Each structure stands twice: as structure tokens, then as C-alpha cells.
Amino acid sequence: MSYSPSDIESKWQTIWNEKGAFEPLDDKSLDKKYILSMFPFPSGRLHMGHVRNYAIGDAMARYYRKQNYNVLHPIGWDAFGMPAENAAIKHGRHPKDWTYSNIDYMRKELNTLGLSFSSKREFATCDELYTKWEQEFIIKMFEEQLLYRESTTVNWCEDCHTVLANEQVEEGCCWRCDNEVELKEMPGYYLDIKKYADELLDDLKLLEGKWPSQVLAMQSNWIGKSQGLEFSFKFSDDSKAKLANKFEGFEVFTTRPDTVYGVTYTALAPEHPIVKALIKNELLDADIAEKITAMGNLSEVERAKADKEGYDLGLTVIHPLTGEETPVWTANFVLASYGGGAVMSVPTHDERDFEFATKYDLPLKYVIEGGEEGSAYTGEGALMNSAVFTGLSNVEAKAAIINHFEEQHLGKGTTNYKLRNWGISRQRYWGAPIPFVHCDACGLVAEKVENLPIALPEDVEITGEGNPLENHPTWSKCACPKCGADATRETDTLDTFVQSSWYQFRYATHPDKWNACGIDKEDVNYWLGVDQYIGGIEHAILHLLYARFFTKALRDLGFIDDLKEPFENLLTQGMVLMDGAKMSKSKGNTVDPDALIAKYGADTARLFTLFAAPPQKELEWNDSAVEGAFRFLKKLYDRKSKVITNSMPTIDHASLDKEEKLARAKVYDALKKSVDVYEKTFAFNTLIAACMEALNALDKQNNEQVWSEGLYIITHLLEPIVPHVCAELSEELFASENLAGKIELLEEVFVQDTITLGVAVNGKRRAEIEVDAGAQKEDIIAMAKESIAKWLEDVTVVKEIVVPNKMVNIVVK
RNA sequence: GCGGAUGUGGUGAAAUUGGUAUACACGCCAGACUUAGGAUCUGGUGCUUCACGGCGUGGAGGUUCGAGUCCUCUCAUCCGCACCA
């Protein structure tokens with residue numbers, strides 16, 4: 001019978017499902033592997049990116065299962081989020097209904113791929129049982145002051161009608177819909193991720209060599225730690241009076257305390273309270289006040305693009321060291337959200353300050369040697385014009401000046417981070433409700449844990465206008481958990497990244513315990529860290545930083561025991577491209593996995609995605625190459641007619657002819673390679689190539705035993721990649737015996753009678769010789785010389801190098 | 001600007017880590033079987049030259065008997081961050 005993937009695949013999928021073949025065992029004494037591919041958003045259909053992601057993870061899971069590891073390989077659904085609501089607006093379907101029916105469809109799609117997921121551990125993050133425990137964590141975080149509510153300027157996406165975290169703003173636009181983000185002042189809930197900034201940064205070291213260096217670098221830059229000096233400028237008496245004695249001065253942060261003697265002005269962000277006070281009390285010209293307000297209202301992108309702009313505020317401050325009076329400006333490039341929104345300006349040693357000072361004709365004072373007049377010098381050098389510090393190298397001066405500030409109680413050495421706290425409020429319906437209550441008497445009160453989950457109301461109308469939770473007639477009305485008075489429920493819901501920050505612990509928790517607890521410590525102790533995490537590079541910052549933070553926070557809250565990092569090893573898979581561009585519906589360059597499977601079968605889809613490129617690289621789609629993958633499987637299946645024994649034969653290697661020996665060597669080459677590929681490099685493309693070579697070599701001989709052994713090993717090696725066809729062949733030919741445990745490597749097959757050596761003259765390959773395996777060096781050299789006689793005329797041989805089993809190099813003059 | 005990568009045939013990509021560059025596959029060319037084939041099989045295929053040969057891993061140097069691999073410089077492309085004081 002010829003290769004019929006649809007028959008084979010449905011047969012095996014049924015067998016696996018009936019057996020529950022992929023459930024992890026409860027025995028914690030077993031060696032374990034936790035293989036996790038990032039869970040999908042249930043958008044409705046799988047795309048090729050999913051196929052690739054899950055083919056990679058499945059190959060690893062099946063490999064380790066075969067090595068007798070206890071393998072946890074779960075799948076679930078990242079099920080909250082905006083698309084469900086958009087679908088509701090567009091098609092009038094309830095988000096819950098839409099989400100769960102998408103999940104049902106996609107679960108079937110995953111099943112047709114033959115992925116070895118544990119089905120008992122599957123959940124959707126919109127399950128109320130998941131929400132329940134998440135709300136408990138949120139309340140605990142509030143109690144431990146890790147979560148707070150605050151009104152600040154936030155990123156607002158008008159299209160999505162919601163607030164975005166800083167990480168979710170890409171080039172000033174919404175990460176999801178690409179709409180330009182506006183700034184808006186509103187209250188919201190924040191997680192104090194900055195409390196963990198140092199730990200998040202330091203622990204990146206633990207991941208070196210295990211995570212892609214690019215991801216580590218991105219996280220490190222995002223945290224953006226910098227050390228410097230914080231000190232305050234006091235207003236002159238005149239200025240203080242002008243501000244009605246409401247302000248003494250303001251704090252600045254600098255990483256260049258060594259240039260403090262070069263300060264010729266200071267600059268405040270347009271949103272700085274002092275600037276606001278000046279405007280409010282009409283202490284600035286009306287037109288200037290208007291321009292400053294306009295500067296402050298620009299979005300971050302617009303501001304980044306704008307030329308430097310600023311205005312003299314008519315105030316002066318006293319330099320803490322020199323006593324000089326310097327002017328205070330406001331400038332559009334000073335960020336309100338960093339370092340207190342105020343800077344000391346040293347135009348001679350900072351490019352930005354220089355540009356600004358040049359534009360507004362502000363004075364320059366050089367304090368570090370080495371620069372040229374008329375430009376900013378940011379390099380190293382000795383200090384000048386810096387009182388007692390003159391002459392010190394600027395590197396030494398940094399410490400000395402910080403020291404001086406501290407001794408005089410004028411300021412202190414301090415650390416700043418670019419990282420900002422994580423805003424988790426979303427003004428949406430389809431999310432986990434934030435479990436707090438607003439009470440007139442008690443203020444903000446956490447819901448009682450026994451009342452959890454605070455579930456979403458189902459009788460809502462999704463129109464896209466406003467927040468359905470707010471519009472609901474009764475849902476937000478409740479009793480204050482503390483005093484019992486009438487109170488109002490919070491209508492914001494949690495950012496969906498909260499759900500994906502702890503799902504790795506939920507999978508690890510035995511499903512029998514899911515009602516009793518959110519996370520089971522012992523289960524987590526056994527299964528975590530995730531031995532291999534696989535997902536897209538697009539989550540390099542957002543998800544991976546949040547999940548790392550959550551791990552540390554849950555540990556400190558006592559929900560898990562000491563665990564530093566959730567994801568021990570990370571593989572970031574490349575994108576799937578078509579004609580050099582990312583596959584997307586809008587470009588119309590997608591390949592539908594269902595159609596692909598219908599035409600060629602899941603094994604071909606899996607084989608192609610793993611063969612065409614190493615997993616870390618981008619994968620260029622190629623229909624002909626898919627055809628090629630199919631041809632290989634067909635050929636493999638067809639060769640079952642060559643097998644006569646029904647188990648691993650014992651072969652007398654010495655009695656074989658050359659082609660038979662070569663075939664065996666190729667088969668065992670592939671076996672040898674497989675360990676490295678499955679455990680270290682994940683270069684499945686090279687393992688598949690090695691199996692193709694082995695099959696090609698088998699085709700060149702006709703020894704039945706060699707054929708049996710060859711297919712025994714090849715189907716063993718390829719089973720994690722193309723499980724259905726290998727299961728079928730293994731069952732038919734070897735009673736599936738070759739799919740359990742390891743196959744021993746036989747070194748004898750690598751021993752050859754004769755060896756082909758390249759012969760080079762001065763490193764340049766000129767000929768090839770075949771020598772006996774045990775040939776003496778002198779004989780080899782003699783043969784080599786003979787083979788290249790024509791290059792040896794009229795020259796002197798100065799050196800003869802024999803590289804065992806490889807080549808001979810004759811050096812001549 | 002800062003940070004991280006990547007440059008190898010017509011294409012996707014290999015190279016046991018300093019030892020015969022281009023494995024494997026796609027494509028292409030030729031042939032076989034065919035009434036026919038976008039099916040299957042066999043052979044060929046880095047560039048250049050009639051040939052001997054010459055040249056070849058982005059480019060230029062260097063180390064070495066020997067470099068895709070190590071070192072220095074340089075160019076190009078991709079990704080991330082981006083006025084963070």
C-alpha cells in the first residue's frame with residue numbers, strides 16, 4: 001500500500017487520544033522535563049507560526065519522553081483580550097461564546113498536527129477558576145504594597161479604548177492596533193515592578209548561554225539602570241518669592257557629577273509642577289505659557305521628532321558648589337517621567353545641552369580637558385575649572401564629587417532605572433476584573449478572598465462605546481467588604497499579560513488540585529523551571545519580563561518556594577515568511593495549515609517546518625520544498641518492503657561490502673548526531689538531512705539486514721519530528737520496539753577498510769588518494785607525493801603534514 | 001547615536017569547532033519509462049576556461065603548513081532601544 005497520510009495520521013491520533021498517551025506521571029522521583037511552547041491566543045484558526053512553534057516543542061517533548069523522562073508538555077489558551085470584543089462588536093457575538101468556540105476549533109486543529117500535549121492540564125485564562133486564583137494574587141500584592149492605585153499620565157489608545165503599559169507602546173503607537181497613542185491623565189492600578197529592577201537585572205546573568213543574548217540585551221536595556229548623583233538646586237530669594245515660597249528648589253539627577261562645575265543653566269520638563277505653578281499663577285507671558293502647554297501635550301513620538309525647544313522661566317537657582325546664580329529653563333526634551341523631570345545642563349559636555357545652548361545662546365563653560373571649542377566633549381579627560389577637583393581624571397572625579405555632596409549633605413549617590421511600573425488597568429470588558437471596591441467611607445478596599453472569583457457579568461451588550469462593566473445596571477453595585485455599606489465595584493480589568501505571567505505554574509499544578517489552590521508549591525518545586533521554553537522573539541521584553549517579575553513576586557508572597565527564574569532555557573523561533581515578508585492576512589500571503597495538512601498530512605507540514613531552516617532563523621515558505629518533504633516521507637514509507645526481520649538485527653560488519661558498510665556508517669552518523677540536535681543545538685534540519693543521507697546510502701545497497709537496522713534507527717530518530725509515519729512503520733516492522741529507550745551507538749561501523757584522503761600542496765587541494773585504514777605515515781606520504789607528482793617538479797619539499805583520516809598537506813618552496 | 005545579530009551556489013541551507021568548502025533539499029539541465037504528464041526513476045549542476053588551469057564563503061589585511069571558522073580594520077543588511085541627563 002502506498003503512503004496515505006490521512007489514514008495513518010487519524011489512526012494514530014485516535015490511539016494516542018484513547019490511551020491518554022501524553023499525560024505526565026505523578027511520580028516525583030522520576031527525572032523530569034518541562035517543555036513549554038507559548039500558548040496561543042484563540043483567534044479562530046492556527047497559522048503557520050503556531051505550527052512551527054508547536055512542531056519544535058513537540059519534537060523535544062517526544063524525544064525526552066522516549067528517553068524515559070517524565071515530560072510535562074501542556075497547552076492552554078491566552079483567552080482574554082481585545083479581539084474577542086472586536087469580534088463581538090462586528091458580528092454581535094458574545095466574547096465568551098466567540099472565545100470558547102474558537103478554542104474548540106483550534107483544539108481540533110492542534111490534534112490533527114499530532115502534537116503530544118497533556119490534555120488534562122489544558123485551560124483557558126478566561127476560565128473563572130483561573131480568574132479566581134489570579135484575583136487572589138492581585139489582592140495579596142495589594143496587601144503587600146506591591147500593587148497601588150494612582151492617577152497619572154498614561155498612554156491611551158482611542159481605538160482600543162484602553163490604557164497601555166509603556167512596553168505596549170511601539171514607536172508611539174498601540175502594539176495591537178497601531179493607532180497613535182495619546183497621553184491622558186487617569187487613575188489606574190500599578191504593579192511595583194521597579195522594586196525588583198535590580199533582581200531582574202542581576203538574574204539575567206543566570207540566563208547567559210541559556211537565553212539568546214539578544215533577549216538578555218533587550219531586557220537589560222529596558223531596565224536601563226544607571227548610577228549617578230541626585231542633588232537639589234535651591235531657588236534664589238527673588239525666585240522663591242516669585243513662587244510665593246511654595247517651592248524651595250528642585251531635585252536633579254545626573255550620571256555626570258564630574259561635570260557639575262560646567263552647569264550654566266537648568267531645565268525642567270514642561271509638565272514639571274514648578275512650570276505648572278508658573279502657568280497657573282500667570283507668572284509667564286501668556287503666549288509663552290501657551291507654547292509650553294502645547295509642548296507638554298505632544299505625544300512622545302511627536303516630541304522625539306520635534307526640534308529642541310525651550311523657554312526661560314525667569315527663575316534662577318544657586319549652584320550648590322559655586323554659589324553662582326544660573327537660569328532655569330523649561331525644555332521639550334526633558335522627560336517628566338525620568339529623574340524627577342529636571343536636569344542640570346552642561347552644554348560643553350553633553351550633546352543635547354549643547355544643541356539647546358547654541359540655539360538659545362546660553363553660556364558655555366568647559367570643565368574637562370580634551371575637547372575642542374565650539375563642540376560638546378563627552379569623552380574622558382582631566383577636570384579643569386573645577387575648584388579642588390581640578391586635575392583629577394573625570395572617572396575619579398565622579399566618585400570624589402558624589403562623596404563631597406554626601407559629606408556636605410547636599411545630595412547623594414543614587415541609582416535610576418528607565419523601567420517604569422507596570423500599569424495593569426484596562427478599561428475593557430473581556431478581561432479579569434480587578435477585585436477591588438470603592439467605598440465612600442473606607443476608600444479602596446480589596447474584595448474578600450472567599451468572594452472570589454469576581455466574575456464578569458454575561459448579560460452585557462458590547463457596542464464599543466464605553467466600558468460595558470460601567471454601563472451594566474447592577475454589576476458594579478456591591479457592599480463594602482469592610483464596613484458593609486453600599487459601594488462600587490472596580491470596573492477596570494487586568495492587562496492580559498497578567499494571565500500569561502503565571503500560567504507556567506498553573507500547568508505544573510496537578511489538575512486535581514485546581515479547585516483547591518492556584519499554584520501547588522510541591523508540584524512547582526518538581527516541575528519548574530521550565531526546561532525549554534519556545535516562542536517568538538516579539539515577547540522578548542513584555543511577556544518574559546512580566547513573567548520573570550511575577551515569579552519573584554509570587555515567591556516573596558509565599559505562593560511558590562525559592563525559584564529564581566521560571567524559564568531555564570529559551571528558544572526564540574524565527575518568523576515564517578512568504579516572499580521575504582511576514583505572513584499576514586492583510587498581505588494575502590498566508591498558508592493555511594488546514595489545507596496543507598489535508599493535502600500532504602501533518603507529518604509533511606512538521607517535516608518541512610523543521611527541515612527548511614534551523615528553528616532560530618526565519619523560515620521562508622516554499623511550496624516545492626514542501627513537495628520535497630512529502631516525497632521523502634513517501635520514499636521512507638515505501639522502503640518498508642525492504643525489511644524482513646522484525647527487530648534489530650545483529651550484523652557481522654566485517655562481512656559486508658563497501659556500500660553496505662557505508663550505509664551503516666551513514667545510519668549511525670545520524671544516530672550519533674541526534675543527541676546533540678535534540679538536546680543542545682535544535683538544528684533539526686541537519687538531523688533530517690543526515691537521515692536523508694542515510695536513506696540514500698541504504699538505497700545504494702541491498703542487504704536485508706542492513707535495511708532492517710537502517711529503518712529501525714531512522715524511524716526511531718525521526719519519530720519526534722514525523723510521529724505518525726514513524727509510529728506506523730515501527731508498529732508494522734518492529735512491533736514498535738524501536739520507539740522505547742535508547743539505541744546504542746556501535747563504534748565498529750565507523751571503522752573503514754580504506755580511507756579517502758585529500759592531498760594538498762601548500763594547503764591547496766590537488767588530488768585524492770585512497771589508503772588502507774592502518775597505513776603508515778611514510779606510506780601515505782609516498783602515495784600522496786605520487787598523486788601530485790606534477791606539482792613537485794622544480795620545487796623543494798619543506799614539510800609534510802598528515803592529518804589523520806582527513807588529508808595530507810605537502811609544503812613546497 | 002547605543003545595543004544585538006547576520007553576510008557561503010540560482011534558492012533554503014551544511015561544514016564533527018583550525019583540516020578535502022557548498023552535505024541535504026529546492027530549482028535547473030540531460031536522459032529513461034511513457035500516447036501523454038506539473039508522476040516516477042537515473043545522471044549532471046559554484047564561477048571561469050577549448051583545454052592545462054585559474055578564481056571562489058561581503059571587502060582588505062594578519063596569524064598558520066593550512067582560515068568560512070581565530071585576530072585587526074572595513075562595507076552591507078536585519079532586529080531592538082532611542083533626547084533616560
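The chains referred to below are lettered A, B, ... by the order of the sequence lines, with proteins before strands, and numbering in each begins at 1. Values in this document were obtained by computation on a predicted structure and should not be read as measured data.
N809(A) and K764(A) are not linked by any side-chain donor-acceptor pair at a separation below 3.5 angstrom, with hydrogens and angles left out of the test. Side-chain N/O atoms of N332(A) and E309(A) include no donor and acceptor closer than 3.5 Å. Side-chain polar atoms of Y338(A) and S226(A) form a donor-acceptor pair below 3.5 angstrom.
Enclosure of atom NZ in K599(A) is not indicated, since only 12 or fewer non-hydrogen atoms of other residues, nucleotides or ligands lie within 6.0 angstrom.
In this structure, I537(A) atom CD1 and C79(B) atom P are separated by 13 Å, rounded to whole Å. We find that CD of E620(A) is positioned 15 Å from P of G27(B), with the value rounded to whole Å. In this structure, CD of E627(A) is placed 13 Å from C1' of G27(B), rounded to the nearest angstrom. Straight-line distance from the NZ atom of K635(A) to the C1' atom of U42(B): 12 Å, rounded to whole Å. In this structure, F333(A) atom CZ and A85(B) atom C1' are separated by 8 Å, rounded to whole Å. Atom pair L619(A):CG and U6(B):P shows a separation of 19 Å (rounding to whole Å applied). Taking atom OH of residue Y338(A) and atom P of nucleotide A82(B), one finds them 14 Å apart after rounding to whole Å. Counting to the nearest Å, the C1' atom of G1(B) and the CG atom of D350(A) are 13 Å from each other.
Comparing A14(B), A85(B), C65(B) against the side chain of K799(A) picks out C65(B) as the nearest. Here A82(B) is the nucleotide among A82(B), U40(B), C26(B) with the atom lying nearest to any side-chain atom of W222(A). Residue R766(A) places its side chain closer to G54(B) than to any other of G54(B), G80(B), C26(B). Comparing U40(B), A85(B), G80(B) by their nearest atom to the side chain of S226(A) picks out A85(B).
A salt bridge does not link K359(A) to D307(A): none of the charged side-chain nitrogens sits closer than 4.0 Å to a carboxylate oxygen. Under the 4.0 Å criterion applied to side-chain N and carboxylate O atoms, E679(A) and K673(A) are not assigned as salt-bridge partners. Under the 4.0 Å criterion applied to side-chain N and carboxylate O atoms, K777(A) and E800(A) are not assigned as salt-bridge partners. Salt-bridge check for E659(A) with K700(A): failed, with every basic side-chain N at 4.0 Å or more from each acidic carboxylate O.
Among the atoms of the strands shown, only primed sugar atoms or phosphate atoms (P, OP1, OP2) are found under 4.0 Å from some heavy atom of K617(A). The residue W791(A) sits close only to the backbone: its heavy atoms come under 4.0 Å of sugar-phosphate atoms, none of a base. Nucleic acid contact class of G628(A) (heavy atoms, under 4.0 Å, all strands): sugar-phosphate only. Backbone-only engagement by E618(A) is indicated by non-hydrogen atom pairs under 4.0 Å involving sugar-phosphate atoms exclusively. At a threshold of 4.0 angstrom between heavy atoms, the contacts of V334(A) include nucleobase atoms, whether or not backbone atoms are also involved. Nucleic acid contact class of V811(A) (heavy atoms, under 4.0 Å, all strands): sugar-phosphate only. Residue contacts shown for A612(A) are limited to sugar-phosphate atoms, with no base heavy atom under 4.0 Å away. Among the atoms of the strands shown, none is found under 4.0 Å from any heavy atom of A336(A).
Because its NZ or CZ atom is both nearer than 6.0 Å to the ring centre of F333(A) and within 45° of the ring axis, K308(A) counts as a cation-pi partner of that residue. Taking the centre and axis of the six-membered ring of F750(A), the NZ or CZ atom of K672(A) falls inside the cone set by 45° and 6.0 Å.
Straight-line distance between the P atoms of G10(B) and G61(B): roughly 23 Å, to the nearest whole Å. Distance noted for atom P between U45(B) and C52(B): 15 Å (whole Å). Comparing G54(B) with G62(B), their C1' atoms are spaced 25 Å from each other, to the whole Å. Atom name P, nucleotides A13(B) and A23(B): the rounded distance is 16 Å, in whole Å. Comparing the same atom, P, in C55(B) and in A67(B) gives a spacing of 13 Å after rounding to whole Å. Taking the P atoms as reference points, U42(B) lies 46 Å from G80(B), given to the whole Å. The gap from the P atom of U63(B) to that of C79(B) amounts to 38 Å, rounded to the nearest Å.
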Could you list all N or O pairs between the protein and nucleotides 17-24 of chain B that sit under 3.5 Å apart?
{"residue": "U20(B)", "atom": "O2", "partner": "R765(A)", "partner atom": "NE", "Å": "2.6"}
{"residue": "U20(B)", "atom": "O2", "partner": "R765(A)", "partner atom": "NH2", "Å": "2.9"}
{"residue": "U20(B)", "atom": "O4", "partner": "T756(A)", "partner atom": "O", "Å": "3.0"}
{"residue": "A23(B)", "atom": "O2'", "partner": "E693(A)", "partner atom": "OE1", "Å": "3.1"}
{"residue": "A23(B)", "atom": "O2'", "partner": "E693(A)", "partner atom": "OE2", "Å": "2.9"}

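Side-chain contact between L419(A) and L545(A) is present, with at least one heavy-atom pair separated by less than 4.5 Å. Side-chain contact between Y600(A) and L633(A) is absent, with no heavy atoms from C-beta onward closer than 4.5 Å.
Classified by its glycosidic torsion, G9(B) falls in the syn category, the angle being within 90° of 0. Taking the O4'-C1'-N9-C4 or O4'-C1'-N1-C2 dihedral as appropriate, U17(B) has a value within 90° of 0 and is therefore syn.
Taking the ring centroids of F611(A) and F684(A), they lie at or beyond the 6.0 Å cut-off.
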Checklist entry - Going through the distances and angles, do W422(A) and Y546(A) end up as a ring-ring contact (aromatic ring centres under 6.0 Å, His included)? => result CA-CA 9 Å; W422(A) 178 14; Y546(A) 295 148; 3.7 Å; yes

Checklist entry - Just the dot-bracket of RNA chain B, please: which string comes out with Watson-Crick or G-U pairs under 3.5 Å, [ ] for crossing, | for another strand? => result (((((((..(((......[....)))((((((.......))))))(((....)))..(((((..]....))))))))))))....

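Non-hydrogen atoms lying under 4.0 Å from RNA chain B are contributed by S213(A), Q214(A), A217(A), M218(A), N221(A), all within residues 212-221 of chain A.
Remark: the K418(A) side chain and the C81(B) base include no donor-acceptor N/O pair separated by less than 3.5 Å.
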